[in-house]
Amino acid sequence: MTTYNPQEIEQHAQKLWEEHQSFEVKPDKNKEKYYCLSMFPYPSGKLHMGHVRNYTLSEIIARYYKMQGRNVLHPIGYDAFGLPAENAAIKNKTAPAEWTYANMDEMSAQLKRLGFAYDWSRELATCKPDYYRWEQWMFVKLFKQGLVYRKDAVVNWDPVDQTVLANEQVIDGKGWRSGAEVIRKTIPQWFLKITDYAEELLSSLDNMPGWPDSVKTMQRNWIGKSKGLELDFQVEDFGKVSIYTTRPDTLYGVSYMAVAPEHPLALQAAAADTELAAFLKQCGKEQSNEAAMATMEKKGMYTGMDATHPLTGEKVPVWVANFVLMTYGTGAVMAVPGHDQRDYEFAQKYDLPITQVIDAEGDVSAAAITEKGHLLNSGDYTGMNFGQAFVAMSEHFKATGIGRVQVNYRLRDWGVSRQRYWGCPIPIIYCDDCGAVAVPEEQLPVTLPEDVVFDETGGSPIKKMPEFYETVCPKCAKPATRETDTFDTFMESSWYYARYTCPHYSGGMLSDEADQWLPVDQYIGGIEHAILHLLYARFYHKVLRDQGLVNSDEPFVKLLTQGMVLKDGAKMSKSKGNTVDPQCLIDQYGADTVRLFSMFAAPPEQSLEWSDEGVEGAARYLNRVWFQVTSFVEVTTEKEFGMTSDLDKSQKDMRLKIHQTIAKVTEDIGERQTFNTAIAAMMELTNALSKFSDESDNGMAIRHEGWHSLVKMLSPFAPHMTQALWSQLGESELLCEASWPEVDQSALVQDEIEMVVQVNGKLRAKLAVAADASKEDIEALALIEENVMKFTEGKVIRKVIVVPNRLVNVVVS
RNA sequence: GCCGGGGUGGCGGAAUUGGUAGACGCGCCGGAUUCAAAAUCCGGUUUCUUCGGAAGUGCGAGUUCGAUUCUCGCCCUCGGCACCA
């Protein structure tokens with residue numbers, strides 16, 4: 001018997017896989033494909049526990065399906081562009097590229113040390129020109145087709161550092177480096193028309209059973225489809241102001257209008273009113289993110305202009321309000337304080353009239369009545385319900401030409417411009433004569449210079465590099481200026497899963513191999529990506545489809561969203577100082593232990609509480625398996641075992657346990673994806689097999705069957721150790737190439753079943769009944785149980801409920 | 001603020017379709033082994049208890065023969081909110 005030496009065993013197994021190129025795959029017509037993918041990492045430094053968890057999850061699934069006979073594609077790469085590389089560049093005076101490549105090397109070494117079954121030949125990094133050139137190529141294509149446009153949009157501007165800040169770099173309204181008050185600045189930026197796909201992105205969700213309902217709900221709410229009325233109000237000295245409302249039934253309750261601070265009406269009014277201008281300026285200092293907008297104090301100011309109510313003809317004042325979003329609807333709203341809580345609070349603050357025009361439960365002197373009901377005090381519409389009023393009013397406004405039914409989406413077009421260096425250059429050239437011109441295909445890629453120096457402000461170096469931005473117009477050949485903004489890094493992560501199918505293809509964005517692997521069968525990543533990344537990738541996939549590059553409608557068939565890794569109840573992070581370095585654990589216990597614990601500690605979708613003692617437990621378990629299997633191998637030299645059909649009770653029970661466990665582990669991995677319970681079941685089997693010391697021929701055959709099956713089932717979790725045990729069991733093929741154990745249905749047949757007997761829902765007895773006993777027999781047996789009689793004595797039996805194979809409940813009173 | 005999760009022993013968690021609450025593991029307690037310790041192995045471990053039982057899954061109601069599971073109302077906590085990835 002040898003002792004369990006993880007370092008040695010793991011090195012040996014990894015060498016075997018490398019020699020056999022076990023995980024390098026090509027499309028194979030004779031095997032069903034399975035594409036298993038974890039969200040690729042941002043190369044921020046060393047691996048952290050969140051990575052280990054993410055990659056172990058896809059690993060278990062990939063190895064499981066390989067053993068199920070599928071042709072499994074399981075690739076890895078790096079989401080290599082992004083802000084942290086720039087921060088590191090400022091701090092360490094290194095170029096972002098250098099820092100990124102060093103991190104990638106370090107992470108790859110760690111991933112290899114963990115023994116993950118990746119096809120390393122397909123590794124990619126998004127910061128390499130042979131990757132991002134195709135992103136530029138697609139952008140140019142979409143530009144020519146009108147799916148890309150340029151418009152003004154707001155950024156966080158640090159007036160001291162003279163640079164644009166990411167939301168993350170704004171702390172309490174101040175720039176993180178300069179400490180200066182951040183202001184809203186409007187600059188021209190590029191947008192992708194994701195809203196053209198809003199309806200399909202919404203409706204496809206109904207046909208995605210492999211996605212969690214929570215994620216689909218979040219995406220539905222994010223897209224935010226609503227049906228309402230767009231209505232024109234006439235404003236004196238200004239003209240038409242359109243509003244959008246989903247509650248036209250409350251129109252008679254309008255007591256004022258409110259426009260966004262950036263609305264043209266507000267700007268016009270402010271031109272002649274210094275107080276209003278000051279108010280708008282103040283609004284421009286407030287954070288524009290949605291959370292801040294929703295929680296900040298509601299403030300407003302009268303513009304001095306009045307609108308005419310389209311039905312009553314009455315004058316209603318037009319206000320500027322800091323909570324009206326220029327980016328949703330028309331940037332102007334009709335305010336109905338009686339039936340909208342936000343309008344209500346605003347009206348109370350500024351003493352505007354509050355009237356009730358809907359008959360529903362509530363009291364307008366206390367709060368807005370937001371429930372629907374029949375209309376009150378609403379002219380010809382009085383008495384109608386919501387639906388009737390909606391139809392009648394939309395017909396009326398359609399006839400008079402001042403209103404129309406409108407479907408609106410909360411989803412906004414995707415702004416892809418970033419005023420940052422470490423990203424994919426946007427392939428546009430600005431010419432004084434020709435305007436914005438796409439870089440011609442033959443000039444792609446527009447390569448990002450990697451040898452750059454950052455200054456203290458963090459401003460993008462390429463914006464100060466004439467050798468980068470000075471160029472000539474592709475149309476007229478006159479001197480022109482290259483775009484120095486780069487793409488949002490979500491652009492790269494929106495199609496990398498497709499590029500893994502043909503990472504080295506130089507003839508185009510995707511080769512024919514794409515459709516042989518796509519869609520991804522199983523995608524795994526953090527829940528924090530539930531909306532943005534997953535929505536952008538779905539959108540991009542539909543764009544790829546419409547460009548004829550893929551033939552599927554959705555990129556990810558099944559989605560598993562993993563929870564975070566916590567320590568002492570808080571997310572592991574460098575700033576909190578509660579990180580656990582996976583490398584230390586690997587050095588101490590080996591990769592198998594780290595993998596096993598990360599799967600055992602919690603179900604994948606929940607957050608995982610880190611525990612050093614728990615890791616010990618996982619190591620102890622692997623040691624036990626090692627000891628048991630090697631001990632078993634010592635007492636027998638046989639490899640083939642014959643089993644006769646006349647098993648005794650304990651032998652039957654042992655076989656029952658073995659095959660129940662195979663069924664359970666197969667379901668837990670393949671269907672439920674609850675890897676923690678799969679491990680628990682294997683631990684139970686290990687305990688049972690350890691106690692089963694039958695040395696008869698049948699006993700030995702059952703023990704061989706048990707250990708053999710356990711080693712296979714444990715192999716996705718602890719592939720190194722199980723590979724070594726597999727050899728010891730006399731097998732010469734690689735375990736990762738072996739087939740998954742199968743359930744022997746005959747072993748599952750039980751003659752007798754234990755049932756529970758309750759009296760008034762409380763457990764009073766346990767009953768062993770024949771598997772084929774009738775309900776009547778079971779009921780009769782239950783009622784004569786001693787402890788049952790004790791609790792039914794002197795009482796009237798009202799009802800007896802018999803749930804087959806489970807329980808009997810005797811209801812007495 | 002809005003949207004989506006989560007809350008079960010000392011701890012991580014299990015209970016799959018409304019049917020034995022606490023599987024499995026950690027920790028702890030006791031025992032074996034040992035000169036001793038570590039490691040390992042065996043047993044116990046929700047709380048209260050008059051030892052018959054009773055209570056118990058964040059809190060409060062409800063549906064049901066039966067609720068951790070379903071419904072309603074709260075509390076706490078985590079994720080996202082469009083330039084962190």
Side-chain angles (χ1 to χ4, degrees), chain A residues 39 41-42 44 79 81-84 87 153-156 164-170 189 212-222 224 288-296 323 327 342 410-420 488-490 493 526-533 535-536 561 563-564 566 569-571 597 600-603 605-618 620-621 623-624 627 664 667-668 671-672 674 676-677 679-684 687 754-758 760-763 766 790 798-801 803 806-812:
Chain A
M39 289 179 186
Y42 177 78
S44 52
D79 187 16
F81 277 138
L83 196 56
N87 297 338
V154 172
V155 293
N156 305 308
V164 174
L165 299 177
N167 285 342
E168 194 190 47
Q169 298 170 313
V170 181
Q189 303 185 56
D213 288 334
S214 56
V215 174
K216 289 190 281 190
T217 303
M218 279 191 264
Q219 293 214 346
R220 281 191 191 100
N221 292 337
W222 184 262
S288 61
N289 68 71
E290 202 182 318
M293 295 284 277
T295 49
M296 71 192 174
F323 60 84
T327 48
R342 199 175 52 182
R410 205 186 73 98
L411 179 69
R412 310 199 292 261
D413 276 335
W414 179 10
V416 295
S417 293
R418 297 291 180 272
Q419 297 69 40
R420 276 176 242 301
D488 176 5
T489 55
F490 278 128
S493 57
I527 184 65
E528 66 272 20
H529 295 294
I531 296 173
L532 291 180
H533 161 61
L535 191 65
Y536 290 142
T561 52
M564 288 186 312
L566 313 176
K571 183 180 178 172
F597 175 71
F600 181 56
E605 305 206 289
Q606 277 178 37
S607 55
L608 183 158
E609 183 67 37
W610 190 262
S611 145
D612 292 339
E613 293 78 19
V615 182
E616 291 268 3
R620 209 174 297 164
Y621 173 67
N623 262 299
R624 221 160 65 230
F627 175 78
K664 164 97 178 133
E667 192 199 358
D668 282 357
E671 310 297 324
R672 297 178 66 211
T674 52
N676 55 328
T677 54
I679 295 167
M682 288 189 279
M683 285 172 167
E684 283 189 54
N687 294 341
E754 185 182 76
M755 286 180 73
V756 160
V757 186
Q758 300 178 329
N760 282 353
K762 292 206 165 81
L763 176 64
K766 289 186 182 181
K790 189 175 148 192
R798 298 283 169 197
K799 210 193 292 193
V800 179
I801 290 146
V803 182
R806 281 195 188 272
L807 59 67
V808 179
N809 190 13
V810 184
V811 185
V812 298

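Here is how names work: the chains are called A, B, and so on, in the same order as the sequence lines, proteins then strands, and each is numbered from 1. All values below were derived from every heavy atom in this structure, side-chain atoms included, with hydrogens, water molecules and symmetry-related copies excluded.
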Open item on the list: Please classify the nucleic acid contact of Ser417(A) as base, sugar-phosphate, or nothing, using heavy-atom distances under 4.0 Å.
Closed with: base
Open item on the list: What's the closest nucleotide to the side chain of Tyr536(A) if the choices are A82(B), G19(B), A85(B)?
Closed with: A82(B)
Task: Ala530(A) versus Gln219(A), closest heavy-atom pair with distance - done: O-NE2, 3.0 Å
TODO: Go through G19(B), A85(B), G25(B) for me and flag the one nearest to the Leu532(A) side chain.
DONE: A85(B)
TODO: Report which part of the nucleic acid Leu83(A) touches: base, sugar-phosphate, or nothing (heavy-atom distance under 4.0 Å, all strands).
DONE: sugar-phosphate
Task: Shortest non-hydrogen separation from Leu83(A) to Glu168(A) and the atoms involved - done: CD2-OE1, 4.1 Å
TODO: Identify which nucleotide among C81(B), C24(B), U20(B) has an atom closest to any side-chain atom of Ala291(A), counting heavy atoms from C-beta outward.
DONE: C81(B)
TODO: Looking only at side-chain atoms of Gln606(A), point me to the closest of U16(B), A14(B), A85(B).
DONE: A14(B)
Open item on the list: Expressed as a whole number of angstroms, how long is the span from Phe490(A):CZ to G80(B):C1'?
Closed with: 11 Å
Open item on the list: One thing to verify: whether Glu290(A) and Arg410(A) come together as a salt bridge, which I'm taking to mean a side-chain N less than 4.0 angstrom from a carboxylate O.
Closed with: yes
Open item on the list: Categorize Trp222(A) for me: base, sugar-phosphate, or nothing, with a 4.0 angstrom heavy-atom threshold over every strand shown.
Closed with: base
Task: Span that lies between the C1' atom of C74(B) and that of A23(B), in whole angstrom - done: 32 Å
- [ ] Determine: side-chain N/O of Asn687(A) to OP1/OP2 of C24(B), distance under 4.0 Å, yes or no.
- [x] no
TODO: Write down the distance between CE (Met39(A)) and P (G80(B)), rounded to a whole number of angstrom.
DONE: 13 Å
- [ ] Answer yes or no: is there a donor N or O on one side and an acceptor on the other, between the side chain of Asn760(A) and the main chain of Val812(A), under 3.5 Å?
- [x] yes
Open item on the list: For the P atoms, the ones on G13(B) and on G6(B), what distance do you get once it is rounded to whole angstrom?
Closed with: 13 Å
TODO: Would you indicate what Val155(A) reaches in the nucleic acid, counting non-hydrogen atoms under 4.0 angstrom: base, sugar-phosphate, or nothing?
DONE: base
Open item on the list: Can you tell me whether the base of G52(B) sits syn or anti, using the 90° cut around 0 to define syn?
Closed with: syn
Open item on the list: Any base atoms under 4.0 Å from Gln169(A), or only sugar-phosphate, or nothing? Heavy atoms, all strands.
Closed with: nothing
Open item on the list: Does the structure show a Watson-Crick or G-U wobble partner for U40(B), both distances under 3.5 Å? Name it, or say none.
Closed with: A32(B)
- [ ] May I ask you to evaluate whether Thr489(A) reaches the phosphate of A85(B), defined as a side-chain N or O under 4.0 Å from OP1 or OP2?
- [x] yes
Task: Donor-acceptor pair under 3.5 Å, Lys664(A) side chain vs U16(B) base - done: yes
Open item on the list: Considering every strand and a 4.0 Å limit on heavy-atom distances, what is the contact class for Gln419(A): base, sugar-phosphate, or nothing?
Closed with: base
Task: C1'-based separation of A67(B) from C48(B) [nearest Å] - done: 23 Å
Task: Base-pairing mate for U20(B) - Watson-Crick or G-U, with both contacts under 3.5 Å - done: none
Task: All side chain to side chain donor-acceptor pair (under 3.5 Å) counterparts of Trp414(A), not counting sequence neighbours - done: Asp488(A)
TODO: Would you please test Asp79(A) and Ser493(A) for side chain to side chain donor-acceptor pair (under 3.5 Å) and show each step?
DONE: CA-CA 7 Å; Asp79(A) 187 16; Ser493(A) 57; 4.7 Å; no
- [ ] Please work out if Phe600(A) contacts a base, only the sugar-phosphate, or nothing of the nucleic acid, heavy-atom cut-off 4.0 Å.
- [x] base
- [ ] Look at all strands and tell whether Asp668(A) reaches a base, only sugar-phosphate, or nothing, counting heavy atoms closer than 4.0 Å.
- [x] nothing
- [ ] Describe, in one word, how the ring planes of Phe597(A) and Trp610(A) are oriented to each other, choosing from parallel (under 30°), tilted (30 to 60°) and perpendicular (over 60°).
- [x] perpendicular
Open item on the list: Given A85(B), C24(B), G12(B), identify the nucleotide with an atom nearest to the side chain of Glu528(A).
Closed with: A85(B)
Task: Candidates A85(B), A82(B), C65(B) - which lies nearest the side chain of Leu411(A) - done: A82(B)
TODO: For Tyr621(A) and C41(B), give me the distance from atom OH to atom P, rounded to whole Å.
DONE: 13 Å
Open item on the list: Please name the nucleotide paired to A54(B) by Watson-Crick or G-U wobble geometry with both distances under 3.5 Å, or report none.
Closed with: U47(B)
Open item on the list: Tell me whether the side-chain N or O atoms of Asn221(A) pair up with the base of C3(B) as donor and acceptor below 3.5 Å, since no angle test is needed here.
Closed with: no
- [ ] Let me know, please, whether Arg418(A) or Met218(A) comes out on the 5' side of the other along RNA chain B by nearest nucleotide.
- [x] Met218(A)
- [ ] Give one of base, sugar-phosphate or nothing for Arg410(A), where a contact means two heavy atoms less than 4.0 Å apart.
- [x] base
Open item on the list: Using a heavy-atom cut-off of 4.0 Å across all strands, would you classify His533(A) as base, sugar-phosphate, or nothing?
Closed with: nothing
- [ ] Have a look at G22(B) and give me syn or anti from its glycosidic angle (syn if within 90° of zero).
- [x] anti
Open item on the list: By nearest atom, which of the nucleotides A82(B), G1(B), U20(B) is closest to the Asn167(A) side chain?
Closed with: A82(B)
- [ ] Identify whether any heavy atom of Val756(A) sits under 4.0 Å from a base atom; if not, whether one sits that close to sugar-phosphate; answer base, sugar-phosphate or nothing.
- [x] base
- [ ] Could you check whether Glu613(A) gets within reach of a base, just the sugar-phosphate, or nothing at all, counting any heavy atom under 4.0 Å?
- [x] sugar-phosphate
Task: Minimum-distance nucleotide to Glu290(A) side chain [options: A82(B), U20(B), A55(B)] - done: A82(B)
Open item on the list: Between Lys799(A) and G66(B), is there a contact of a side-chain N or O with OP1 or OP2 at under 4.0 Å?
Closed with: no
Open item on the list: Partner lookup for C72(B), please. Criteria are Watson-Crick or G-U wobble with both distances under 3.5 angstrom; report none if nothing qualifies.
Closed with: G60(B)
Task: Arg620(A) side-chain N/O to G27(B) phosphate OP1/OP2 under 4.0 Å - done: yes
TODO: Determine the Euclidean distance between corresponding P atoms of U57(B) and G43(B); express it in Å to zero decimal places.
DONE: 31 Å
TODO: Starting from C1' on C84(B), measure out to NE2 on His529(A) and report it in whole angstrom.
DONE: 10 Å
TODO: Please figure out whether Ala602(A) or Leu165(A) has its closest RNA chain B nucleotide nearer the 5' end.
DONE: Ala602(A)
Open item on the list: Please pick, from A85(B), A14(B), G12(B), the nucleotide with the shortest atom-to-atom distance to any side-chain atom of Asn676(A).
Closed with: A14(B)
Open item on the list: Taking Ala166(A)'s backbone N and O only, do any of them form a donor-acceptor pair with Gln169(A)'s side chain (distance below 3.5 Å, no angle check)?
Closed with: yes
Task: Base partner of U77(B), which must satisfy Watson-Crick or wobble distances under 3.5 Å - done: G5(B)
Open item on the list: Just to be sure I understand the rule, does Asn809(A) reach a base, reach only the sugar-phosphate, or reach nothing, if contact means heavy atoms closer than 4.0 Å?
Closed with: base
Task: Whole-Å P distance, C84(B) and G5(B) - done: 24 Å
Open item on the list: Counting the atoms with a prime plus P, OP1 and OP2 as sugar-phosphate, which does Gln189(A) contact under 4.0 Å by heavy atoms, base, sugar-phosphate, or nothing?
Closed with: base
